[in-house]
Amino acid sequence: MLATTPSRITASLIQDGPAHRADLARKLSVSRTAVTNAVDLLLDSGLVVTLRRSAEGAVLKDRVCLSPQFGLIGTVIVDFTETIIGIGTLDGRLLASRVLPADPQARGEERLRRAATVVRELIEESGDGGELVHTQLAVNTQADRRTGEVLGGIASASWSGTNPKVLLEEDLGCPVRLENTVRLLALAEQLERPEVSDLVYVQLSYGVAMGLVVDGRILGGSRRGAGELGHTSIDLEGRPCSCAGRGCLMQYVGRSALIADIEAVLGAGTDVPDLISAVQEGHAGSVELLGTYGRRIGEALVAVCNLLEPTTLVIGGMLSPAGEPFLDAVRRALTDRALPLAVDDLRVENATGSRRSATVLDAGLLCLRQDASVRATVISRSLDTFRTRRFPQVS
């Protein structure tokens with residue numbers, strides 16, 4: 001039993017996070033004595049540590065956690081106006097992070113090389129002596145999760161000639177798991193709502209993207225290309241799109257279209273914050289424009305709700321600060337157009353988790369830890385280290 005218990009303990013900590021010894025014994029269906037002996041060996045080898053928490057003045061029992069010496073994982077999330085970077089332990093504890101402002105037009109290669117430099121700085125500054133063993137990367141473009149090839153065409157001009165997965169692997173010297181940024185932000189929204197079993201997240205930005213989370217896991221398609229709502233054509237003879245199609249939703253509700261409409265209502269040089277301020281002041285034209293955009297988004301989501309019947313719909317991005325007036329317009333469109341069974345109990349809410357860098361980083365670390373192949377590779381590698389240390393009898 002002792003020969004396998006250390007590996008089972010580390011696998012449990014990676015999958016479910018820090019735990020008390022009693023909880024580990026129940027999860028693994030072994031005696032507390034076996035868990036205690038195995039934990040003691042892991043403690044002596046430096047691969048686990050214990051942390052003590054306090055709550056309302058009372059000291060709680062020690063939790064078993066993976067040491068940074070067991071290995072570190074990194075996460076890099078490339079959004080349009082910032083790059084969020086963090087390092088953590090393999091059981092999901094965030095150790096250090098940094099947020100870099102970014103020019104939306106900056107080259108993807110430039111942003112990733114800067115992010116790689118920050119990852120190395122964070123590891124050095126942490127002083128824990130841990131080695132980076134895997135990294136979760138999320139990019140704001142369509143890219144094949146298996147190969148890293150960017151497939152967004154003209155719409156992904158800033159990533160032209162760059163394979164983000166390969167580039168970051170070369171710079172950091174460790175495997176990189178690829179995800180789409182909006183799909184990862186959907187997971188961040190679910191982390192803020194632990195009571196929610198399934199969730200659709202829609203982000204309004206330069207385009208319109210969507211993420212679906214069910215039971216705490218991203219459903220992103222076989223190659224992580226699912227959710228490109230903005231490139232759904234709503235008029236086959238409509239406005240030309242950068243994807244080479246016509247009538248794509250993003251041409252009617254994306255940032256370029258919105259700015260043009262705002263300037264038509266409020267004058268040249270005005271932007272989204274000006275629209276939101278004017279709505280709050282009761283400006284009739286602005287209120288009407290915001291309602292128009294809410295209706296357009298709601299109508300585009302009718303098919304999504306009819307097909308998926310989600311319990312929760314979260315709206316984020318540039319119009320999120322408008323709050324309830326915008327959400328009400330979305331709700332009315334869904335109520336008017338969708339099947340009653342699909343929307344009668346639907347929660348339509350404003351984004352929260354995707355606006356908090358700490359929650360986004362937690363989602364990145366979790367996404368990596370959920371990957372079974374990543375978990376198996378890390379466990380095997382780390383246990384090899386464990387066996388070569390001071391306890392050859394467990395090998």
Side-chain angles (χ1 to χ4, degrees), residues 73-85 100 102-119 132-187 201 203 205-213 217-233 240-245 248-250 254 360 363-364 367-377:
I73 49 177
T75 181
V76 176
I77 299 103
V78 180
D79 209 348
F80 285 99
T81 60
E82 61 186 14
T83 306
I84 307 171
I85 305 157
L100 304 178
D103 179 353
Q105 306 304 317
R107 298 282 303 166
E109 178 180 358
E110 174 189 336
R111 294 181 66 176
L112 286 185
R113 294 202 183 281
R114 189 179 177 199
T117 298
V118 170
V119 169
L132 191 68
V133 297
H134 223 107
T135 298
Q136 173 68 60
L137 169 63
V139 293
N140 58 340
T141 186
Q142 273 209 325
D144 189 321
R145 71 166 180 173
R146 298 170 299 186
T147 66
E149 179 186 4
V150 173
L151 302 168
I154 298 173
S156 298
S158 65
W159 292 98
S160 176
T162 301
N163 183 311
K165 174 179 167 64
V166 171
L167 188 154
L168 201 59
E169 285 179 339
E170 291 176 348
D171 271 12
L172 293 179
C174 71
V176 168
R177 183 185 185 278
L178 194 61
E179 186 56 82
N180 175 273
T181 296
V182 171
R183 264 59 102 193
L184 186 64
L185 295 181
L187 182 59
Y201 171 66
Q203 179 169 279
S205 186
Y206 290 84
V208 186
M210 186 182 80
L212 172 64
V213 175
R217 291 183 176 271
I218 300 169
L219 300 187
S222 61
R223 299 163 73 185
R224 286 303 185 263
E228 291 299 323
L229 186 65
H231 289 290
T232 299
S233 179
C241 182
S242 56
C243 72
C248 290
L249 177 64
M250 66 172 290
V360 174
C367 194
L368 187 60
R369 291 162 49 228
Q370 286 177 337
D371 191 302
S373 62
V374 171
R375 200 159 58 241
T377 300

Undergrad: Would you say that Val118 contacts Thr83 through its side chain, given a criterion of any heavy-atom pair below 4.5 Å between the two side chains?
TA: no
Undergrad: With a 4.5 Å limit on heavy-atom distance, are the side chains of Met250 and His231 in contact?
TA: yes
Undergrad: Are side-chain heavy atoms of Asn140 and Trp159 found at a separation under 4.5 Å?
TA: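 Yes, at least one pair of side-chain atoms sits under 4.5 Å.
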Undergrad: If you round to the nearest 0.5 Å, how far is CZ of Arg114 from CG of Asp171?
TA: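 Those atoms lie 14.5 Å apart.
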Undergrad: Taking all atoms of both residues into account, what is the closest heavy-atom pair of Leu168 and Ala116, and its distance?
TA: CD1-CB, 4.0 Å
Undergrad: Calculate, to the nearest 0.5 Å, the distance between atoms CD1 and SG belonging to Ile218 and Cys367 respectively.
TA: 4.0 Å
Undergrad: Where do Thr141 and Asn180 come nearest, in terms of heavy atoms and distance?
TA: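 In terms of heavy atoms, the two residues are closest at O-ND2, 3.2 Å.
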Undergrad: Can you find a heavy atom in the side chain of Leu151 that is under 4.5 Å from one in the side chain of Asp144?
TA: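 Yes, at least one pair of side-chain atoms sits under 4.5 Å.
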Undergrad: Using a 4.5 Å cut-off on heavy atoms from C-beta on, say whether the side chain of Leu137 contacts that of Leu112.
TA: yes
Undergrad: Could Arg113 and Glu109 be called an ion pair, given the rule that one side-chain N must be under 4.0 Å from one carboxylate O?
TA: yes
Undergrad: Can you name the closest pair of heavy atoms from Gly148 and Ala143 and give their distance?
TA: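 What the structure gives for the nearest pair is O-CB, 4.2 Å.
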Undergrad: Identify the heavy atoms of Cys243 and Cys248 that sit nearest to each other, and give their distance.
TA: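 Looking at all heavy atoms of both residues, the shortest contact is SG-SG, 3.7 Å.
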Undergrad: If I take atom CD from residue Glu170 and atom CG from residue Asn163, how far apart are they, to the nearest 0.5 angstrom?
TA: 8.5 Å
Undergrad: Quick check against the 3.5 Å criterion: does Arg177 have a side-chain atom that pairs as donor or acceptor with the backbone of Arg145?
TA: no
Undergrad: For Thr75 and Gly364, work out which heavy atoms get closest and say how close.
TA: OG1-CA, 3.6 Å
Undergrad: Determine whether His134 and Cys174 make a side-chain contact, defined as any pair of heavy atoms from C-beta on separated by less than 4.5 Å.
TA: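 Of all side-chain heavy-atom pairs linking Cys174 with His134, none is under 4.5 Å.
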Undergrad: Taking all non-hydrogen atoms of both residues, which atom of Leu178 and which atom of Lys165 are closest, and how far apart?
TA: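 What the structure gives for the nearest pair is CD2-CB, 4.5 Å.
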Undergrad: Under 3.5 Å, is there a donor-acceptor pair between the side chain of Gln203 and the main chain of Ala209?
TA: no
Undergrad: Can you confirm whether Val150 sits close enough to Pro164 that some side-chain heavy atom of one is under 4.5 Å from a side-chain heavy atom of the other?
TA: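 In short, these two side chains touch, coming nearer than 4.5 Å.
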Undergrad: Let me see the working for Tyr201 and Val213 under side chain to side chain contact (heavy atoms under 4.5 Å, CB included), right down to the final yes or no.
TA: CA-CA 8 Å; Tyr201 171 66; Val213 175; over 6 Å; no
Undergrad: Roughly how far, to the nearest 0.5 Å, is CG of Leu187 from CD of Gln370?
TA: 6.0 Å
Undergrad: Are Ile84 and Asp79 packed together at the side-chain level, in the sense that at least one heavy-atom pair is separated by less than 4.5 angstrom?
TA: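 A side-chain contact under 4.5 Å is absent here.
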Undergrad: Would Val119 and Thr135 satisfy side chain to side chain contact (heavy atoms under 4.5 Å, CB included), going step by step from the backbone distance to the final call?
TA: CA-CA 10 Å; Val119 169; Thr135 298; 5.6 Å; no
Undergrad: Output yes when Glu228 and Arg183 qualify as a salt bridge under the 4.0 Å nitrogen-oxygen rule, no when they do not.
TA: yes
Undergrad: Donor-acceptor pair, distance only, cut-off 3.5 Å: does the side chain of Arg107 make one with the backbone of Ser160?
TA: yes
